[in-house]
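Here the structure is laid out as structure tokens; the discussion comes afterwards.
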Amino acid sequence: MDLLPLDILIAILSRLPITSLIQFKRTSRAGRDLIADPHLIQAFHNWVSDSNPCLIFFGDDSQLYFLGCDYPKIYSRTAIRFEPTFYSSLSDMVGCCNGLLCVSCHLNSGESAIRSLEIYNPFVGDPVAIRPEPANRFSNLREVFGFGFHPITREYKVVRIVYYAKLLKLEGRAKCRLTEKAFQVFTLGTGEWRDKENIPKRLGLRPPEALVEGSLHWVVVADEGFYYSIVSFQLADELFEEIPHPPCQSLVSSRYSLSVLSGCLSAAGLGETVQFDFWVMKEYKVEDSWKKEYSFVPNIPLGLTMKGDSSASGFMNRVPRVLCDLKNGEILLQYDESALVSYDPIGNIFKTLEINGQPSFFQAFPFLPSLFSAKATMDLQLSS
């Protein structure tokens, strides 16, 4: 390493896969110090931001897996399982952004397991624990979380939706119904949850689906109850807002999903016939900027393991989840929590990605690896 100028060495290292960088870090103290160099951390972040995203799997075995980008083969063929370190078991994968994961887990604490939310970089460590409100305040509850980052305020925030369950006597039987709800926000670097008011009535018990322009987004049933609309929560001013939905009656009258394509909010669902339509909002919050980018009749991936109804008609009623777009123009899809498929809209070609070590069923999350640690990020926010 001493034979190369530092700037040349940083330029070379910043283009290596994250797994290679971590191996290099373990070779020597000099390697460890170099990987911690702020210039390398920023150079690697800039390089990764212009590359295909990697993927994080949360498997049905409650384990996390990493699938690295391997250009030009698009994705490496082996998923790497992260070994549990600070937690004993994972409950859920909340989300990820800028190389940081937010997970719901139980910590290793001797005889008893403490439930916690943890924000951490799986390649760097240094987890930051966030304790939810005590259970005695929210007895008989159900809850979901969301995780996001605002590019202007530079703040990471966790949101929590809590529904209170009440026992009601209906037709002579005691039934548990979700009634009142609460919405809370936690800013990384602070020590408290804050309650928010004016919660949309139909914000259900579902996690947000897309982080765009510093806002988390949900698909909700509109107040009239006849169609679906989009609600956002702005992480900067912490306000709810309704976002214009795509101008497609068949799409908004049925359940559709949200994702991010080329940094823009997108919606995917059943179109006018049996095809799936993909809409992209080219200019955020501008209704007329919704454009239908793609339409296709889905191809059932060969050998797909289905949950529930495995018939062709059952499959057609399942909307594939859009994960991200790739630098070669293809779209990466997930089918029924068990298969990854790349779609070439120009040639209308579907290709199932065969991944070694892939869990049987999983949730996939686009992931841009980084060398930032959650602890360093929190310390930076506290000092600013």
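Excluded from the calculations below are hydrogen atoms, water molecules and symmetry mates; all remaining heavy atoms, backbone and side chain alike, are included.
- When every heavy atom of Ser259 is checked against every heavy atom of Ala210, the shortest pair comes out as O-CB, 4.0 Å.
- Between the side chains of Glu118 and Ser116, at least one donor N or O sits under 3.5 Å from an acceptor N or O.
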Trace of the side chain to side chain contact (heavy atoms under 4.5 Å, CB included) decision for Val158 with Ile119: CA-CA 10 Å; Val158 179; Ile119 298 176; 4.0 Å; yes
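- Aromatic ring centres of His245 and Tyr228: separated by at least 6.0 Å.
- From Ser370, atom OG reaches atom CG of Leu21 across 11.0 Å, with rounding to the nearest 0.5 Å.
- A heavy-atom distance below 4.5 Å is found between the side chains of Leu261 and Val322.
- The side-chain contact (heavy atoms from CB on, under 4.5 Å) test with Phe296 is passed by exactly one of Asn348, Ile331, Asp277: Asn348.
- The six-membered or imidazole ring of Tyr256 lies away from that of His217, with a centre-to-centre distance of 6.0 Å or more.
- Within a 6.0 Å radius of CD in Glu238, other residues, nucleotides and ligands contribute more than 12 heavy atoms.
- In this structure, CG on Asn198 lies 8.5 Å from CG on Leu239, to the nearest 0.5 angstrom.
- When each of Trp218, Phe147, Phe183 is tested with Phe233 by the rule ring pair (Phe, Tyr, Trp, His ring centres under 6.0 Å), just one qualifies, namely Phe183.
- Here the closest non-hydrogen pair linking Ser215 and Tyr284 is CB-OH, 3.6 Å.
- Residues Ile243 and Leu265 are in side-chain contact: their nearest non-hydrogen atoms beyond the backbone lie under 4.5 Å apart.
- The two residues Val48 and Pro369 make their nearest non-hydrogen contact at CG1-O, 3.6 Å.
- Looking at Tyr163 and Glu143, their side chains never come closer than 4.5 Å, going by heavy atoms from C-beta outward.
- One finds no salt bridge joining Lys291 and Glu283 here, because no Lys/Arg side-chain nitrogen approaches an Asp/Glu carboxylate oxygen to under 4.0 Å.
- Look at Lys351 and Glu330 and you find no salt bridge, because none of the NZ, NE, NH1 or NH2 atoms lies under 4.0 Å from a carboxylate O.
- Annotation: ring pair (Phe, Tyr, Trp, His ring centres under 6.0 Å) contacts of His150 (sequence neighbours excluded): none.
- Side-chain N/O atoms of Ser373 and Asn121 include no donor and acceptor closer than 3.5 Å.
- Considering only heavy atoms from C-beta on, Leu188 comes within 4.5 Å of Val128 through its side chain.
- Of all heavy-atom pairs between Phe186 and Gly191, the closest is CE1-C, 3.8 Å.
- Using modelled atom types and a 3.5 Å distance limit, the side chains of Gln234 and Glu241 yield a donor-acceptor pair.
- Leu340 is listed as a side-chain neighbour of Leu323, based on a closest heavy-atom distance under 4.5 Å.
- Contact check for Arg206 versus Val144: no side-chain heavy atoms found under the 4.5 Å cut-off.
- The backbone N or O of Leu258 lies less than 3.5 Å from a partner atom in the side chain of Glu209, making a donor-acceptor pair.
- Using a 4.0 Å cut-off between a side-chain N of Lys or Arg and a carboxylate O of Asp or Glu, Glu83 and Arg81 qualify as a salt bridge.
- Side-chain atoms of Gln334 come within 3.5 Å of backbone atoms of Phe362 as a donor-acceptor pair (strictly under, hydrogens ignored).
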From CA spacing to verdict: side chain to side chain contact (heavy atoms under 4.5 Å, CB included), Leu67, Cys54: CA-CA 6 Å; Leu67 184 63; Cys54 301; over 6 Å; no
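- The main-chain N or O of Thr190 is never found under 3.5 Å from a side-chain atom of Thr187 such that the two would form a donor-acceptor pair.
- Between Leu16 and Phe24, every side-chain heavy-atom pair lies at or beyond the 4.5 Å cut-off.
- Interatomic distance, His39 NE2 to Leu13 CG, rounded to the nearest 0.5 Å: 14.5 Å.
- Hydrophobic clustering (ILVMFWY, side-chain heavy atoms < 4.5 Å, transitive): Val286 and Val212 are in distinct clusters.
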Residues Leu211, Val260; criterion side chain to side chain contact (heavy atoms under 4.5 Å, CB included); working and verdict: CA-CA 7 Å; Leu211 173 65; Val260 183; 5.7 Å; no
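- Between Leu101 and Cys96, the shortest heavy-atom distance links the atoms CD2-CB, 3.5 Å.
- Taken to the nearest 0.5 Å, the CG atom of Leu90 stands 9.0 Å off from the CG atom of Asp92.
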Audit row: Phe278, Leu333, side chain to side chain contact (heavy atoms under 4.5 Å, CB included) steps and yes/no: CA-CA 12 Å; Phe278 293 88; Leu333 309 171; 4.0 Å; yes
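- By the 4.5 Å heavy-atom criterion applied to side chains, Leu353 and Leu332 are counted as neighbours.
- Neither side chain, Thr27 nor Arg32, offers a donor N or O lying under 3.5 Å from an acceptor on the other.
- Under a hydrophobic-cluster definition in which Ile, Leu, Val, Met, Phe, Trp and Tyr are linked whenever side-chain heavy atoms come within less than 4.5 Å, directly or via other members, Tyr294 and Ile349 are assigned to different clusters.
- Here the side chain of Ser14 pairs a donor or acceptor atom with the backbone of Ile10 at under 3.5 angstrom.
- Shown here are the ring pair (Phe, Tyr, Trp, His ring centres under 6.0 Å) partners of Phe123, two or more places apart in sequence or in another chain: Phe66, Phe82.
- Around the CG atom of Asp237, the shell of radius 6.0 Å holds more than 12 heavy atoms that belong to other residues, nucleotides or ligands.
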Candidate pair Glu293 and Lys282, rule salt bridge (charged side-chain N to carboxylate O under 4.0 Å, His left out), full reasoning: CA-CA 10 Å; Glu293 292 285 282; Lys282 298 292 187 177; 3.3 Å; yes
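- Rounded to the nearest 0.5 angstrom, Asp50 CG and Leu368 CG are separated by 10.5 Å.
- Expressed to the nearest 0.5 Å, how far CD of Glu337 lies from OG of Ser360 amounts to 12.0 Å.
- When all heavy atoms are compared, the tightest approach of Leu216 to Gly146 is CD1-C, 4.4 Å.
- Hydrophobic clustering keeps Ile346 apart from Leu326 (ILVMFWY residues linked when any side-chain heavy atoms are closer than 4.5 Å, directly or through intermediates).
- Residue Val124 is not grouped with residue Phe367 when hydrophobic side chains (ILVMFWY) are merged at heavy-atom distances under 4.5 angstrom, including chains of intermediate members.
- Hydrophobic clustering (ILVMFWY, side-chain heavy atoms < 4.5 Å, transitive): Trp47 and Phe372 are in distinct clusters.
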